[in-house]
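Worksheet for the structure shown next.
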Amino acid sequence: MSPQDTCFIGVDVGTGSARAGVFDANGKLLGSAAHAIAMNRPKPDFVEQDSENIWQSVCQSVRDALKKSAVAPEKIAAIGFDATCSLVIRDQDNRPLGVTPGGADNWDVIVWMDHRAVREAEECTATGSRVLEFIGGTMSPEMEMPKLMWLKRHNKPAWDKMGAAYDLADFLSFRATGSNARSCCTVTCKWTYLAHQDEPWDRDFLSVIGMEDLNDKINMHDPALAVGERIGTLDAQGAADLGLTTDCVVGAGLIDAHAGALGTLGEYLDGNLDQHFAMIAGTSTCHMALSKEPRFIKGIWGPYFGAIAPGLWLNEGGQSATGALLDHVVAMHPFSNGMGRDAHKLAGEKLLPLMADTTDLAPRLHVLPDFHGNRSPLADPEALGVISGLTLDQSEESFLKLYWATACAIAYGTRHIIDALNDTGYDITHIHLSGGHTASKVLVKLYADVTGCHVVMSDCEEPVLLGSAMLAAGALDADGGLARAARQMAGKETLHAPDETAKADHDRRYAIFHQMHAHRQALDAMSNPGAKHG
């Protein structure tokens, strides 16, 4: 196969759908497709999925993307997978194993945003273990170790039957190849695996939390592979399912947000990264900063070694509810009730001209966006949201002001994270934005105006898929590896500069944002004197 004929597939499994894209060797998207995946919410804070349903959606997406691209299956040289950091549980015959007592076995995935393991996460934090230094000092219930602890304690029958557990991206590569290999990205970011050490597992920590049997239960005994390292080729079943050939190579995958970071920062992997910051924003938002040396930042996950690219350290911030918070505001306001997605469209159309004339649309209306906890930099999963300044007004104007104030609050949360990064050695001047928020001109403008950074968007319409295609290409490049493949496939960029005239108003509102954090913490202390909130 000549280089100009070589094509790659990137697969992205998000919270609600599986997507696939076919790319040529220069990163041009030739065709893409998506299929929904099912969700189960059996109890408050419990969110589950079906791994077989996910795999079927992946396979259908790949087949449909191939058809749209008009690329023959034999021209697909490699495929890469990314997925949410959800936990897949399988039995000793690698069949689905239900994660909730009394639930059906097909619901074998604890979704990333499931918060059933809050208490177990708190116990992990209370150990004071050295592994906590590499996750910002606080264990999140969205990570895999507390979820595994919960299973062992609260679903012992399933734990006893368990034969393997995977981060979702690793499960997809397993279904594709039959290989049990794990990616450095998944286990380093979500499993307390210390990839920079000769002995990556902290046995003392595992013993303290009652997880001495971890490696046997998850069926992982070999070192994790570098991102984009060749796992192997599709096995016969994987090739048949995906509609590809057994010559197709599979590279070690990524968490979905990390694929977005690779897709937008790929061309900078060999350069000065301190000024560049990837933001993958959709239902939730992840913030990714790369450096050549480890930086320890309270409330920011990492530093993770090799989590996006070999040899580089990652610091990762996040907001658990951003797009989801705007959806919530739309659903709760009487004016927009029943409008669905049209409410977001209306808000965008109405707000942009208002924002051009006035830099503070609601001087007394302020929102604290922690409706699903604060992932970074406070690392408080039990933090609560606040809206200050409501009246009885139910008009369109009232809705628009609340929508705008909520969008501002989301941007202030990003600024809060950037401040924490810049206090420890970064100098962020460019936000490389990908995900659903790129479609919102309101959010793009606010991210620039609030942070004072240039917002950079790839001309590739699917940068997360591009990141997975890059790791696929890296698996074929034995010499240049991931860095060369990413540089080759990187797309052109569009910059959005901040409006300096908005700075004073946003600085004032940002100061109020910090005051609201302090006030909420004081109220929490009065309401429950024994509780600890960031």
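Residue numbers count from 1 along this sequence.
Closest heavy-atom contact between A289 and Y426: O-OH, 3.4 Å. Of all heavy-atom pairs between P146 and P141, the closest is CG-CA, 4.3 Å.
Residues satisfying the ring-ring contact (aromatic ring centres under 6.0 Å, His included) test with Y304, not counting sequence neighbours, are none. Residues meeting the side-chain hydrogen bond (donor to acceptor under 3.5 Å, both in side chains) test with E493, sequence neighbours left out: Y268. With sequence neighbours excluded, the residues satisfying ring-ring contact (aromatic ring centres under 6.0 Å, His included) with H344 are Y403. Legend: residues meeting ring-ring contact (aromatic ring centres under 6.0 Å, His included) with F277, ordered by chain and number and at least two apart, are H287.
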Atom pairs and distances, side-chain donor-acceptor, residues 441-448, under 3.5 Å, sequence neighbours left out:
residue : atom : partner : partner atom : Å
K445    : NZ   : D449    : OD2          : 2.9
Y447    : OH   : H437    : ND1          : 3.0

When the side chains of residues 41-48 are checked against the rest of the protein, which donor-acceptor pairs come out under 3.5 Å, sequence neighbours left out?
residue : atom : partner : partner atom : Å
E48     : OE1  : N40     : ND2          : 3.0
E48     : OE2  : T100    : OG1          : 2.2
E48     : OE2  : R116    : NH2          : 3.2

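Side-chain atoms of E316 and H258 form a donor-acceptor pair, as typed in the model, at a separation below 3.5 Å. Q49 and T84 share no side-chain donor-acceptor pair at under 3.5 Å. Judged by distance alone, the side chains of H416 and Y412 never bring a donor and an acceptor atom under 3.5 Å apart. Checking D393 against S395 by side-chain atom types alone, a donor-acceptor pair falls below 3.5 Å.
With values rounded to the nearest 0.5 angstrom, T186 atom OG1 is found 7.5 Å from W191 atom CH2. In this structure, the separation between CD on E462 and OG on S32 is 5.0 Å, given to the nearest 0.5 Å.
Between D507 and R415, at least one side-chain N (NZ, or NE/NH1/NH2) sits under 4.0 Å from a carboxylate O, which counts as a salt bridge. With salt bridges taken as basic N to acidic carboxylate O contacts below 4.0 Å, one links D274 and R295.
In this structure, the side chain of K298 does not engage the main chain of A420 through any donor-acceptor pair within 3.5 Å. In this structure, K67 contributes its side chain and G31 its backbone to no donor-acceptor pair below 3.5 Å.
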For this session: Given side chain to side chain contact (heavy atoms under 4.5 Å, CB included), test I280 with D256 step by step and report yes or no.
Result: CA-CA 9 Å; I280 304 87; D256 57 345; over 6 Å; no
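Annotation: side chain of M355 is in contact with side chain of W404 (closest heavy-atom distance under 4.5 Å). Between V227 and I308, every side-chain heavy-atom pair lies at or beyond the 4.5 Å cut-off. Residues R509 and V450 have side chains not in contact (no heavy-atom distance under 4.5 Å, counting atoms from C-beta outward).
Relative orientation of the F513 and H517 rings is perpendicular, given thresholds of 30° and 60° on the angle between their planes.
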